[in-house]
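So that we are looking at the same thing, I have put the structure below in structure tokens.
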Amino acid sequence: MRLSRYFLPLLKETPADATIASHKYMLRAGMIKQNSAGIYSWLPLGFKVLKKIEQIVREEQNKAGAIEMLMPTIQSADLWRETGRYDAYGPEMLRITDRHERDMLYGPTNEDMITDIFRSFVRSYKDLPKNLYHIQWKFRDERRPRFGVMRGREFLMKDAYSFDMTAEDARKSYNKMFLTYLNTYARMGLKAVAMKADTGPIGGDLSHEFIILAETGESEVFCHADLVNMPPPGELDFDADLQPLVDERLALYAATDEMHNADAFAKIPEDKQLSARGIEVGHIFYFGEKYSEPMNAAVMDQDGKAVTVHMGSYGVGVSRLVGGIIEASHDENGIIWPKAVTPFGAGIINLKVGDEEADKVSEDLYAKLSTAGIDPLYDDRSDRGGVKFSRMDLIGLPYSITVGPRGLKEGIVEVKTRATGERENLSPEAAVKFITSEYEGIV
RNA sequence: CGGAGUGUGGCGCAGUCCGGUUAGCGCACUCGUCUGGGGGACGAGAGGUCGUUGGUUCAAAUCCAAUCACUCCGACCA
């Protein structure tokens, strides 16, 4: 993309209502625009990141055997009355009345609807297990939206729902998601820890929250320090018994404040006791027959007997992750995107637009990086160098190549790595080679 | 939902307490000149129903009332 043709409305000054880094930088870098309290438009740059995160989540879900579909944002109140949640959910649910005076709602989650879909079509134990998911906008009328997309009212969530014959099988489905989540966050450059969690209004008795540590996190968390740097499980054999891998994680203490057990925490060696703040980026539940029983979602077993299915649900806050990643990866100059989610793979800064040689080399780099699948952003505007440098730092592309007459006299361009600030003088060819190799396995 | 605030060009703010010329300032924007390797200089411009409605007054951004929106602090949550 050529910057001169892109839509990137940057702000020089920080808007007054932003108090945390991710919110500030998302506004300043032209990623989002607030439309109402807790409701945002995703501008082109922000949208690209959102889509990249969504795609990583999707790929990992698919690997684990979950099947993607799409349910509507607007639901009928009837389903929610069946499970008793229409009254139980409270004012967080946005209730709507249509022209026929029918009670509708903007879905805050989809357990009721997916259970209805399941019971409509699935009749036999032979069809189980199943895990269905979608990535869809949700609305929860938060009492107090804040922190930009980290606590919006409208947010994009991946929610998966598993169906099994027995509690034991459901545990297997749960384990798949548990480990898949760790891989998912790791791919985005995040260190996430699974913590014992409260089940809230979703209900159930087995639940974990996935937390990334950040000073601006909303929840207080306690865990064994080794969990933070534990490598992700990596390639998984989903047909094998995954319990040992899960147990490995659960052996070390980790809990959010509402589930915190001070005695258990005290047993951790003192230098490993980690008490910090965290951002919840995922939450998984096993809730058994909580919805399948009232909604009569049952299948025939081998003996022709109806068996109520065991369910679980698994959420990832996709839009929240955009903010979460920035909280975890930024400095005083702006965002530092992990390679897997960066909106553009590299920036090209032409310091003297109009200079024949600088234009030629920049265009050539742009063409070669594009062909290599790097998706470069070419700053072809005629601003001064300083403006371009700070702009590039703010939007945080992992690499940028500076092209200017001074360097070209020696036949070199400068490649800067955003995270380290390191700069290296290379020939244009070597610069392309370097960046391409850095993206090996990601593009 | 309790408490505290804020609404004035695109953004950040001053002016409001104590009513009175043409509502200012910085940044951004447009045009021109000089510039050009870390947010440049000078000159010339454009842009505002002072959130909304009503009231008081000869006169309202300023006082009063209502209302809407947004923010912050707390209690609750992907």
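Quick caveat: nothing in here was measured; it's all calculated off a predicted structure. Just so it is clear: chains get the letters A, B, ... in the order the sequence lines come, proteins before strands, and each one is counted from 1.
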Query raised in the report: Taking for each residue the nucleotide of RNA chain B with the nearest heavy atom, is it A:Val149 or A:Arg381 whose nucleotide lies nearer the 5' end?
Result: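 It is A:Arg381 whose nearest nucleotide is closer to the 5' end.
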
**Report entry** Counterpart base for B:C1, defined by Watson-Crick or G-U wobble contacts under 3.5 Å
**Finding:**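 Checking every strand shown, B:C1 finds its partner in B:G74, with both distances under 3.5 Å.
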
Query raised in the report: Below 3.5 Å, does any donor atom in the side chain of A:Arg423 face an acceptor in the base of B:G38, or the other way round?
Result: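 Per atom types, the contact qualifies.
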
Query raised in the report: Can you tell me how far P in B:G10 sits from the matching atom in B:U49, rounded to whole Å?
Result: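 Pairwise P distance, B:G10 against B:U49, rounds to 9 Å.
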
Query raised in the report: Can you tell me how far C1' in B:G55 sits from the matching atom in B:G2, rounded to whole Å?
Result: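 Those two atoms are separated by 31 Å.
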
Query raised in the report: If you measure from the P atom in B:A23 to the same atom in B:A61, how many Å do you get, rounded?
Result: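 Per the computed distance, 10 Å lies between those P atoms.
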
Report task. Go ahead and name the base partner of B:G38; Watson-Crick or wobble counts if both distances stay under 3.5 Å, otherwise write none. Result ->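 Pairing partner: none.
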
Query raised in the report: Does the side chain of A:Asn350 come under 3.5 Å of the side chain of A:Asp359 through a donor N or O and an acceptor N or O?
Result: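 Yes, side-chain donor-acceptor contact under 3.5 Å.
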
Requested in this report: Write down the partner of B:A69 under the Watson-Crick or G-U wobble criteria, each distance required to be under 3.5 Å.
Outcome: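 With both distances under 3.5 Å, B:A69 matches B:U6.
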
Query raised in the report: Any idea which of B:A78, B:U71, B:G38 is nearest the A:Glu142 side chain?
Result: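 Between B:A78, B:U71, B:G38, the one nearest the side chain of A:Glu142 would be B:A78.
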
Query raised in the report: Do any N or O atoms from the side chain of A:Tyr439 and from the backbone of A:Gly345 form a donor-acceptor pair under 3.5 angstrom?
Result: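 Pair found, side chain donor or acceptor close to backbone of A:Gly345.
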
**Report entry** Distance, P atom - from B:G3 to B:C63, rounded to whole angstrom
**Finding:**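 So the two P atoms sit 23 Å from each other.
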
Query raised in the report: Should B:G43 form a Watson-Crick or G-U wobble pair with both distances under 3.5 Å, which nucleotide is its partner?
Result: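 Check on B:G43: paired to B:C31, both distances under 3.5 Å.
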
Report task. Using a 4.0 Å heavy-atom cut-off across all strands, classify A:Pro91 as base, sugar-phosphate, or nothing. Result ->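 Since no nucleic acid heavy atom lies under 4.0 Å of A:Pro91, the category is nothing.
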
Report task. Mind checking A:Gln34 for me? I need base, sugar-phosphate or nothing, with any heavy atom below 4.0 Å counting as a touch. Result ->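 A:Gln34: backbone/sugar contact only, no base atoms under 4.0 Å.
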
Report task. Consider the side chain of A:Arg144, meaning its heavy atoms from C-beta on, and name the nucleotide among B:A75, B:G37, B:G12 that approaches it most closely. Result ->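 Of the options given, the side chain of A:Arg144 lies nearest B:A75.
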
**Report entry** Sugar-phosphate, base or nothing in reach of A:Glu13, heavy atoms under 4.0 Å
**Finding:**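 Base, at least one base heavy atom under 4.0 Å.
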
Report task. Check whether the side chain of A:Arg143 and the base of B:C76 form a donor-acceptor pair under 3.5 Å. Result ->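 In this structure, the two groups form a donor-acceptor pair.
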
Query raised in the report: Got a salt bridge between A:Arg187 and A:Glu59, using NZ or NE/NH1/NH2 to carboxylate O under 4.0 Å?
Result: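 Result for this pair is yes, salt bridge flagged.
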
Requested in this report: Could you tell me whether A:Arg81 sits above the aromatic face of A:Tyr86, with NZ or CZ closer than 6.0 angstrom to the six-membered ring centre and within 45 degrees of the axis?
Outcome: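 Because its charged atom sits under 6.0 Å from the ring centre and within 45° of the axis, A:Arg81 does stack over A:Tyr86.
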
Requested in this report: Report which part of the nucleic acid A:Val318 touches: base, sugar-phosphate, or nothing (heavy-atom distance under 4.0 Å, all strands).
Outcome: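 No contact at all - A:Val318 keeps every heavy atom at 4.0 Å or more from the nucleic acid.
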
Query raised in the report: Are A:Arg153 and A:Tyr40 in a cation-pi contact, defined as NZ or CZ under 6.0 Å from the six-membered ring centre and within 45° of the axis?
Result: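 No, A:Arg153 and A:Tyr40 do not form such a contact.
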
Query raised in the report: What integer number of Å spans the P atoms of B:U57 and B:G45?
Result: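 Those two atoms are separated by 43 Å.
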
Query - Touch class at under 4.0 angstrom, heavy-atom based, for A:Leu11 against every strand present - result: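 Nothing, no heavy atom under 4.0 Å.
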
Query raised in the report: RNA chain B: A:Arg153 or A:Val316, which has the more 5' nearest nucleotide?
Result: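 Upstream on the strand: A:Arg153.
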
Requested in this report: Look through every strand shown and name the nucleotide pairing with B:U57 as Watson-Crick or G-U wobble, where both distances are under 3.5 Å.
Outcome: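 Its partner is none (no Watson-Crick or G-U wobble pair with both distances under 3.5 Å).
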
Query raised in the report: If you look at every strand shown and take non-hydrogen atoms under 4.0 Å, does A:Gly354 touch a base, only sugar-phosphate, or nothing?
Result: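 A:Gly354: no heavy atom of the nucleic acid under 4.0 Å.
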
Query raised in the report: Base, sugar-phosphate alone, or nothing: which one does A:Lys416 contact when heavy atoms must sit under 4.0 Å apart?
Result: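 It contacts base atoms.
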
Query raised in the report: Taking atom C1' in both B:G19 and B:C50, what distance in whole Å separates the two?
Result: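 My reading of the C1' atoms in B:G19 and B:C50 gives 15 Å.
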
**Report entry** Nearest-nucleotide pick for A:Ser390, side chain only, options being B:G38, B:G12, B:C72
**Finding:**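 Nearest to the side-chain atoms of A:Ser390, counting from C-beta on, is B:G38.
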
Report task. Please state the C1' separation for the pair B:U56 and B:G15 - nearest whole angstrom. Result ->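 Result for the C1' pair: 22 Å, nearest Å.
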
Query raised in the report: Does a nitrogen or oxygen in the side chain of A:Lys12 sit under 4.0 Å from OP1 or OP2 of B:A28?
Result: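 True: A:Lys12 side-chain N/O within range (under 4.0 Å) of B:A28 OP1/OP2.
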
**Report entry** Heavy-atom donor-acceptor pair, A:Arg384 side-chain to B:G39 base, under 3.5 Å
**Finding:**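 No such pair is found, so the answer is no.
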
Report task. Answer yes or no: side-chain N or O of A:Arg28 and base N or O of B:G39 forming a donor-acceptor pair under 3.5 Å. Result ->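 Looking at the base of B:G39, it does pair with a donor or acceptor on the side chain of A:Arg28 (distance under 3.5 Å).
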
Query raised in the report: Can you tell which of B:C13, B:A78, B:G37 lies closest to the side chain of A:Ala16?
Result: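 Of the candidates, B:C13 comes closest.
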
Query raised in the report: Which one is paired to B:C13, where only Watson-Crick or G-U wobble pairs with both distances under 3.5 angstrom count?
Result: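 By the stated definition (distances under 3.5 Å), B:G24 pairs with B:C13.
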
Query raised in the report: Please give, in whole Å, the distance from B:G10 C1' to A:Leu43 CG?
Result: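 Going from CG in A:Leu43 over to C1' in B:G10 covers 14 Å.
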
Query raised in the report: May A:Phe155 be described as stacking on the base of B:A78, applying a 5.5 Å centroid limit and a 30° limit on plane angle?
Result: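 Stacked: centres under 5.5 Å apart, planes under 30°.
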
Query raised in the report: Do A:Asn110 and A:Tyr133 meet the criterion of a side-chain donor-acceptor pair at a distance under 3.5 Å?
Result: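 Per modelled atom types, A:Asn110 and A:Tyr133 side chains form no pair under 3.5 Å.
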
**Report entry** Span that lies between the C1' atom of B:G24 and that of B:C31, in whole angstrom
**Finding:**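 Taking atom C1' in both B:C31 and B:G24, they lie 24 Å apart.
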
Requested in this report: Decide whether A:Tyr286 and A:Ser207 meet the rule of one side-chain donor and one side-chain acceptor closer than 3.5 Å.
Outcome: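 No - no donor-acceptor pair under 3.5 Å links their side chains.
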
Requested in this report: Answer with base, sugar-phosphate or nothing: what part of the nucleic acid does A:Ser382 contact at a heavy-atom distance below 4.0 Å?
Outcome: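 Touches a base.
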
Requested in this report: Looking at every strand, decide which applies to A:Gly407 at a 4.0 Å heavy-atom threshold: base, sugar-phosphate, or nothing.
Outcome: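 Base, at least one base atom sits under 4.0 Å.
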
Query raised in the report: Within the structure shown, what part of the strands sits under 4.0 Å from A:Arg146 by heavy-atom distance: base, sugar-phosphate, or nothing?
Result: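 Base contact.
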
Requested in this report: Would you verify whether the NZ or CZ of A:Lys48 falls within 45 degrees of the ring axis of A:Phe344 while also being under 6.0 Å from that six-membered ring's centre?
Outcome: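 Yes, a cation-pi geometry.
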
Query raised in the report: Can you find a donor-acceptor N/O pair under 3.5 angstrom joining the side chain of A:Asp393 to the base of B:G38?
Result: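 Present.
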
Query raised in the report: Which listed nucleotide (B:A78, B:A75, B:G26) is nearest to the side chain of A:Ser319?
Result: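 Out of B:A78, B:A75, B:G26, the nucleotide with an atom closest to A:Ser319's side chain is B:A78.
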
